[in-house]
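Naming convention: chains lettered A, B, ... in sequence-line order (proteins, then strands); numbering from 1 in each chain. Since we're looking at a predicted model, the values are computed, not measured.
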Number of protein chains: 2
Amino acid sequence: MTTPPQTAPRRATITDVAREAGTGKTSISRYLNGEMSVLSPELRARIEAAIARLDYQPNQMARGLKRGRNRLIGMLLADLTNPYTVEVLQGVEAACHALGLMPLICHAANEVEMERRYLQLLTTYRVEGVIVNALGVREETLRPVGGGGIPAVLVDRLVDGLSADMVGLDNRAAAELGTRHLLEQGFDDIWFVVQPFEQVSSRQLRELAFRDAMRAQNAARAHTLVLDLADTAAVERGLAELDRAIEAGGDDRAMGKAGNAGTPGTTARVALFAANAPVALRLALHLKARYGAGWQTRVALLSIDDPDWAELAGITTIRQPTYEIGYRAVEFLHERIEGVQSAVRDCLLPGELIVRASTSR
Amino acid sequence: MTTPPQTAPRRATITDVAREAGTGKTSISRYLNGEMSVLSPELRARIEAAIARLDYQPNQMARGLKRGRNRLIGMLLADLTNPYTVEVLQGVEAACHALGLMPLICHAANEVEMERRYLQLLTTYRVEGVIVNALGVREETLRPVGGGGIPAVLVDRLVDGLSADMVGLDNRAAAELGTRHLLEQGFDDIWFVVQPFEQVSSRQLRELAFRDAMRAQNAARAHTLVLDLADTAAVERGLAELDRAIEAGGDDRAMGKAGNAGTPGTTARVALFAANAPVALRLALHLKARYGAGWQTRVALLSIDDPDWAELAGITTIRQPTYEIGYRAVEFLHERIEGVQSAVRDCLLPGELIVRASTSR
DNA sequence: CTGTTAGCGCGTTCAA
DNA sequence: TTGAACGCGCTAACAG
């Protein structure tokens with residue numbers, strides 16, 4: 001049974017409905033906006049019938065034009081490839097649904113230029129607010145948005161110089177949690193592996209907290225490795241450096257258990273601390289290639305973010321409350337849209353440690 | 001340096017620009033639409049200056065209202081959690097970018113009710129077309145869209161009773177490719193594992209092609225296992241069934257190499273054929289839990305879809321040309337929007353076999 | 001309770 | 001080459 005390719009019959013407008021119901025446009029408008037109390041049941045019934053008959057659906061664009069609010073919000077995403085992003089998005093969608101908002105999702109695919117273009121596009125569509133999770137937007141780009149312009153809420157990362165609400169992981173606490181766990185498990189040579197810091201505050205904060213935690217425990221061997229995943233050659237070099245460290249360290253994790261922490265000159269037990277899931281994946285792939293299927297028992301890997309393959313790879317993770325992050329972001333934005341003028345708010349949510357084979361004896 | 005929270009200065013309108021440039025709105029409109037030839041260079045310069053001074057940006061909504069086209073297209077997605085979807089999306093975005101379209105992304109999160117709601121919402125925003133990758137939309141829901149209504153293009157799955165362009169994997173060829181590979185590697189007891197078919201034509205097609213391929217090779221032991229990932233208890237039962245088969249089959253894959261294919265009563269070499277990535281993940285998790293880290297050498301797993309963790313898990317996959325699927329879908333849709341009236345088209349793209357440890361000796 | 005009127009920001013006649 | 005007037009689909013006064 002094929003649908004006939006007949007010419008598209010122009011969609012009914014409010015005027016059509018009014019004519020069909022034998023009344024004026026205003027009454028239709030009132031009906032649409034739920035002002036039922038001011039409509040006689042009789043008229044109301046006629047309107048309902050007319051709407052059904054014409055399969056009428058109000059034009060949001062026209063409404064928006066008139067009212068000055070179109071219920072659209074922009075959602076600028078740096079990288080949908082990162083499971084974190086998708087999970088946050090689910091929270092965003094749920095909240096939008098609950099608040100009658102419609103998110104315009106813009107995926108910049110890690111390209112700063114794209115971010116700029118999308119931000120401008122969103123402006124052009126007169127979104128009522130923006131949720132920003134971007135790689136390289138600077139204050140200038142966001143100025144017409146955040147300051148004096150439309151409301152903005154930052155997710156996961158700050159934009160320097162811009163004061164706006166922000167919601168994300170409590171990076172300091174999370175990095176400390178991870179570091180402490182590794183130290184407790186007896187690892188004393190820890191490599192924090194992170195993508196280039198760029199403008200991404202969360203990366204900076206995590207690394208900083210890691211170093212602080214190491215220092216606080218008098219654990220001398222703390223290293224930071226910056227891995228630009230987009231640069232194959234650089235990645236190779238970085239991984240080679242890790243290999244040297246791993247192979248100089250304890251040959252077997254079980255063996256090194258009583259290792260003398262921090263004492264220089266002795267074999268140390270090496271652990272890798274990935275700043276996020278993309279990094280962790282790259283590391284895991286390498287470790288598997290180099291040390292075989294059982295690599296988890298050879299070198300410890302802990303990651304912030306808890307992608308669905310973490311269980312499969314047996315890596316320890318710190319799971320972010322992604323859904324809630326997205327949900328809260330929309331709530332914040334909604335309040336701002338509604339005119340709340342309170343001081344800028346930061347919402348830092350705690351991460352949850354999930355211990356798996358790679359860091360347990 | 002904080003941005004002062006001054007009151008939002010109303011965005012400039014075309015009227016403001018006209019006044020600022022000392023001319024009428026019409027000229028501004030002409031300028032915006034690139035009709036430069038009809039503007040004196042002098043006026044044109046004044047307009048440019050005024051636009052810059054006011055930081056004017058035309059209101060897309062108003063334009064859309066007037067022109068009857070707002071450059072918006074809807075993109076209905078069944079499941080962003082599936083890496084396939086994200087990859088397709090990247091193709092969609094690239095094509096939209098190239099064609100001056102803006103995709104409204106709607107994520108139904110596998111809920112049929114959500115799909116209905118979003119479809120209606122899209123209608124309400126007067127999108128010019130829709131790309132549909134849905135779980136349960138029926139012809140009725142899509143009627144105002146596909147038939148006689150706004151143009152639609154289907155991705156990955158058909159909607160029964162609806163004739164619309166569609167683009168996706170050549171499921172038949174892909175399933176044959178996978179089946180042949182497994183048979184060639186000497187597996188003769190193959191389980192096709194798939195989510196409930198529902199309205200999803202691709203699932204049905206893959207399963208059908210699998211059975212056909214098995215029959216064509218006179219390979220007697222072909223099974224189909226339907227796994228409803230949302231139903232934990234049902235999954236457990238299904239997995240138990242698989243375990244029985246696996247453990248009844250050859251104890252070691254290397255051993256069974258010379259196994260007598262299809263002969264009943266002898267030990268057979270068991271392989272699992274996952275219909276897509278979510279299924280493959282569930283299977284891999286179970287196999288790892290039951291057979292340990294080296295499960296890949298114990299039981300073969302092949303999957304349609306090539307998620308980023310496939311390499312990590314060492315499973316053989318059939319990679320879909322996801323980016324191209326998304327890109328082509330938008331191209332098709334764009335043509336329809338532009339009024340192309342040709343017969344309904346199907347674009348079936350080939351998959352690529354990527355052999356990994358789990359199915360090679 | 002109901003209809004009339006005047007725009008929202010913009011594009012498109014049509015005259016000037 | 002330019003601009004004034006009208007209307008897109010809808011809402012918000014303002015009468016009745």
Query raised in the report: Which nucleotide in the list C:dG9, D:dG9, C:dC1 gets nearest to the side chain of A:Asn59?
Result: D:dG9
Query raised in the report: Contact class for A:Thr13 (heavy atom, under 4.0 Å): base, sugar-phosphate, or nothing?
Result: sugar-phosphate
Requested in this report: Please check the phosphate of C:dG3 (OP1 and OP2 only) for any side-chain N or O of A:Thr23 closer than 4.0 Å.
Outcome: yes
Query raised in the report: Is any side-chain nitrogen or oxygen of B:Thr26 closer than 4.0 Å to OP1 or OP2 of C:dG11?
Result: no
Query - Separation of D:dC10 C1' from B:Tyr125 OH (nearest whole Å) - result: 14 Å
Report task. For B:Ser40 and for A:Gln60, find the nucleotide of DNA chain D with the closest heavy atom, then tell me which residue's nucleotide is more 5'. Result -> B:Ser40
Query raised in the report: Are OP1 or OP2 of C:dC10 and a side-chain N or O of B:Arg63 less than 4.0 angstrom apart?
Result: no
Query raised in the report: Among C:dG11, C:dG9, C:dT2, which is the nearest nucleotide to the side chain of B:Ala62?
Result: C:dG9
Requested in this report: Remember a base hit wins even if backbone is also touched, and classify B:Leu43 as base, sugar-phosphate or nothing at under 4.0 Å, heavy atoms.
Outcome: sugar-phosphate
Report task. Any chance you could lay out the side chain to side chain donor-acceptor pair (under 3.5 Å) test for A:Asp79 and A:Thr85, step after step, and finish with the verdict? Result -> CA-CA 7 Å; A:Asp79 180 16; A:Thr85 308; 5.9 Å; no
Query raised in the report: Going through the distances and angles, do B:Tyr56 and B:Glu20 end up as a side chain to side chain donor-acceptor pair (under 3.5 Å)?
Result: CA-CA 11 Å; B:Tyr56 168 71; B:Glu20 180 80 13; over 6 Å; no
Query raised in the report: For A:Arg44 and C:dG3, what is the distance between atoms CZ and C1' respectively, to the nearest whole Å?
Result: 20 Å
Report summary line: From the list A:Val92, A:Val155, A:Asn133, side chain to side chain contact (heavy atoms under 4.5 Å, CB included) with A:Ile325 holds only for A:Val155
**Report entry** A:Ser27 side chain near C:dC1 phosphate (N/O to OP1/OP2, under 4.0 Å)
**Finding:** no
**Report entry** Gap between atoms CZ and P, on A:Arg67 and C:dA6 respectively (whole Å)
**Finding:** 22 Å
Report task. Whole angstrom is fine here: how far is it from CZ in B:Arg71 over to C1' in C:dC10? Result -> 17 Å
Report task. Round to a whole Å and report the spacing from CG of A:Leu65 to P of C:dC8. Result -> 9 Å
Query raised in the report: For A:Arg71, does its backbone N or O pair with a side-chain atom of A:Glu128 as donor and acceptor, under 3.5 Å?
Result: yes
Requested in this report: Could you check how far NZ of B:Lys66 sits from C1' of C:dG11, rounded to whole Å?
Outcome: 5 Å
Query raised in the report: Base, sugar-phosphate alone, or nothing: which one does B:Tyr56 contact when heavy atoms must sit under 4.0 Å apart?
Result: sugar-phosphate
Report task. Taking the six-membered ring of A:Phe332 (Phe, Tyr or Trp), confirm whether the NZ or CZ of A:Arg345 is under 6.0 Å from its centre and within 45° of its axis. Result -> yes
Query - Atom-to-atom span, NZ of B:Lys25 to P of D:dG3 - whole angstrom - result: 13 Å
Query - Nearest-angstrom distance from the residue atom CZ of A:Arg30 to P of D:dT11 - result: 12 Å
